[in-house]
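As the structure is a computational prediction, the values presented were derived from the model and not from experiment. Note that ligands are numbered from 1 as they come in the structure, with each ligand's atoms numbered from 1 the same way. We're numbering straight along the sequence, starting at 1.
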Amino acid sequence: MSSTADVPADVPVEEFAARARAWLAENMPPADPTAGHFFFTDTSSRSDDHDLVRIDTCRRLQRLLHDGGFAGICVAPEYGGQGLTPAHQAAFNRELRGFDHPIEIQASTFIPCMAVLLEFGTEEQKLRHIPPMLKGEAIWAQLLSEPSGGSDAAGALTTATRDGDQWILNGSKIWTTGAWYSDWAMCLARTNWEVEKHRGLTVFALPLRTPGLEIHRIELLNGSVEFCQEFLTDVVVDDRDRIGDVDGGWTVMTRWLHHERTISGGSPYVTSTGRSHNAPNDGPRLAAVARELGTVDDPRALEIIGEARALTLVSDALVSSVTRKMQTGELPFHAAAMSRLFSGTSQVRKAALALELTGADGVMWEPGDDQRAGVGQSWLVRQAACIGGGTTEMARNVIAERLLGMPREARRDDGAFRDVPKGPR
Ligand SMILES: Cc1cc2nc3c(=O)[nH]c(=O)nc-3n(C[C@H](O)[C@H](O)[C@H](O)COP(=O)(O)OP(=O)(O)OC[C@H]3O[C@@H](n4cnc5c(N)ncnc54)[C@H](O)[C@@H]3O)c2cc1C
């Protein structure tokens, strides 16, 4: 296998892209349309082993990128990265089209977990955790949402109590993507109940196979079992795995949530073409479906295909413009909420358009008919696009309050968090 690990730090983007093109052609397998995204699709017809094979493939592909000198393109060399710029990462992502790549492990491993470690981790934590991430040896999950609610992250009830050099964690986290096959997690916990809610939180890193941590799978309406709920009972975490200051977790969270919002695109830490291998609702796929159904000349079908294509183009343009402006400082980092909002709402719209195009064919399909199954299943879970990575309602709040300077939402939860009423009234 050829390696470009000796790329100089000032290599021009075009030269880097040319090296990447040659390396990808020689080393990376072509995109496999049957592999792709297994998230939130019906798993009743396949076993966990099937998904674990894909996860192993992702680990292998990530290792291949690493050994070729293309993992962590924007990460400093001392942590196993290439020390280049977001423009180099973006160029690599463009070259990646048509090749298989470890898309399923980009979130949550690289965003938000690696991004948060880079900003808040100690030198020892970065040296210990980032190289295994970049080599595909450690997949990370994020333990943030709780059964009591996910939008109000600062209202976390999972508690960490100090015991010398260790912390004892108790509580429950939910809606964790892929915890059942992940190795490590970043976890938000309450360390102080006597102060206002944002001031009593701390972030920890913890291995997911550890005494006291139970992982349960959650089955969704469409048969997917990727989501997990975790129950933490006296889970011991070393203080050396605390990320950021004690009770300073909200400072970490602000950036954690920002990196999570870049799930819509534009993160300098994600290696991906920006699309799942088998995104069912983009214009070209819908055109293929319409051809198969014999409706491609129908005026309404053409409108649907055109609208789906336009939504994708606008979303891509918005992400790239917002990302560029955040990098140059023209927009504050909260602007990622704009990309997140448009990407969520346009995905829901595209799912509805796809179902309108297919009609009854999108709700019933023969086993193995991935094209139509993709339409029906993505319609069933369409709302997830407006929830995962923080809801679109919360993105609207960020845009209104942080970008447009509108008045903050009224709060009724100041004072010591212990005294704030919780749960249903
Ligand atoms: C695909 C996907 C992947 C996910 N992966 C993870 C993961 O890996 N780890 C993890 O921890 N969580 C994950 N989640 C959970 C996700 O972060 C939460 O579902 C989300 O933050 C919302 O929390 P909630 O479901 O508890 O809804 P709630 O917070 O209870 O909100 C309910 C509704 O009220 C609205 N709402 C709440 N507060 C406000 C407000 N102040 N203003 C306006 N509207 C408001 C919300 O927008 C929502 O519509 C994932 C979710 C999805 C769909």
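- Residue nearest to atom 39 (C) of ligand 1, selected from Met186, Glu146, Met394: Met394 (by heavy-atom distance).
- Distances from ligand 1 to the non-hydrogen atoms of Gly149 include at least one value under 4.0 Å.
- Those atoms of ligand 1 that come under 4.0 Å of a heavy atom in Leu144, given as number and element, are 11 (O).
- Donor-acceptor pairing under 3.5 Å is lacking for the side chains of Tyr181 and Glu226.
- No donor-acceptor contact under 3.5 angstrom links the side chains of Asn170 and Thr159, judged on distance only.
- Taking the ring centre of Phe227 as origin, the terminal cationic atom of Arg217 falls outside the region bounded by 6.0 Å and 45° from the ring axis.
- In summary, Asp413 and Lys197 engage in a salt bridge, as defined by a charged side-chain N under 4.0 Å from a carboxylate O.
- With a 4.0 Å cut-off on non-hydrogen atoms, Thr177 touches ligand 1 through its backbone as well as its side chain.
- For Glu393 and Ser151, the side-chain atoms include no donor-acceptor pair closer than 3.5 Å.
- When only modelled atom types and interatomic distance are considered, Gln62 and Glu137 share no side-chain donor-acceptor pair under 3.5 Å.
- Numbered from 1 in the order shown, with element, the atoms of ligand 1 that lie under 4.0 Å from a heavy atom of Ala384 read 53 (C).
- In terms of polar-atom proximity, defined here as any N/O pair under 3.5 Å, Gly389 makes no such contact with ligand 1.
- If you look at Glu409 next to ligand 1, the close heavy atoms, those under 4.0 Å, all belong to the side chain.
- Between Gln142 and ligand 1, a contact under 3.5 Å exists for at least one N or O pair.
- For the pair Lys422 and Phe417, the cation-pi criterion (under 6.0 Å, within 45° of the ring axis) is fulfilled.
- From Arg128, atom CZ reaches atom CG of Leu117 across 9.5 Å, with rounding to the nearest 0.5 Å.
- Among the atoms of Glu393, some N or O lies under 3.5 angstrom from an N or O of ligand 1.
- Contacts between Asn397 and ligand 1 below 4.0 angstrom, taking non-hydrogen atoms only, involve the side chain exclusively.
- Remark: ligand 1 atoms within the under-4.0 Å shell around heavy atoms of Thr391 are 22 (C), 46 (C), 47 (O).
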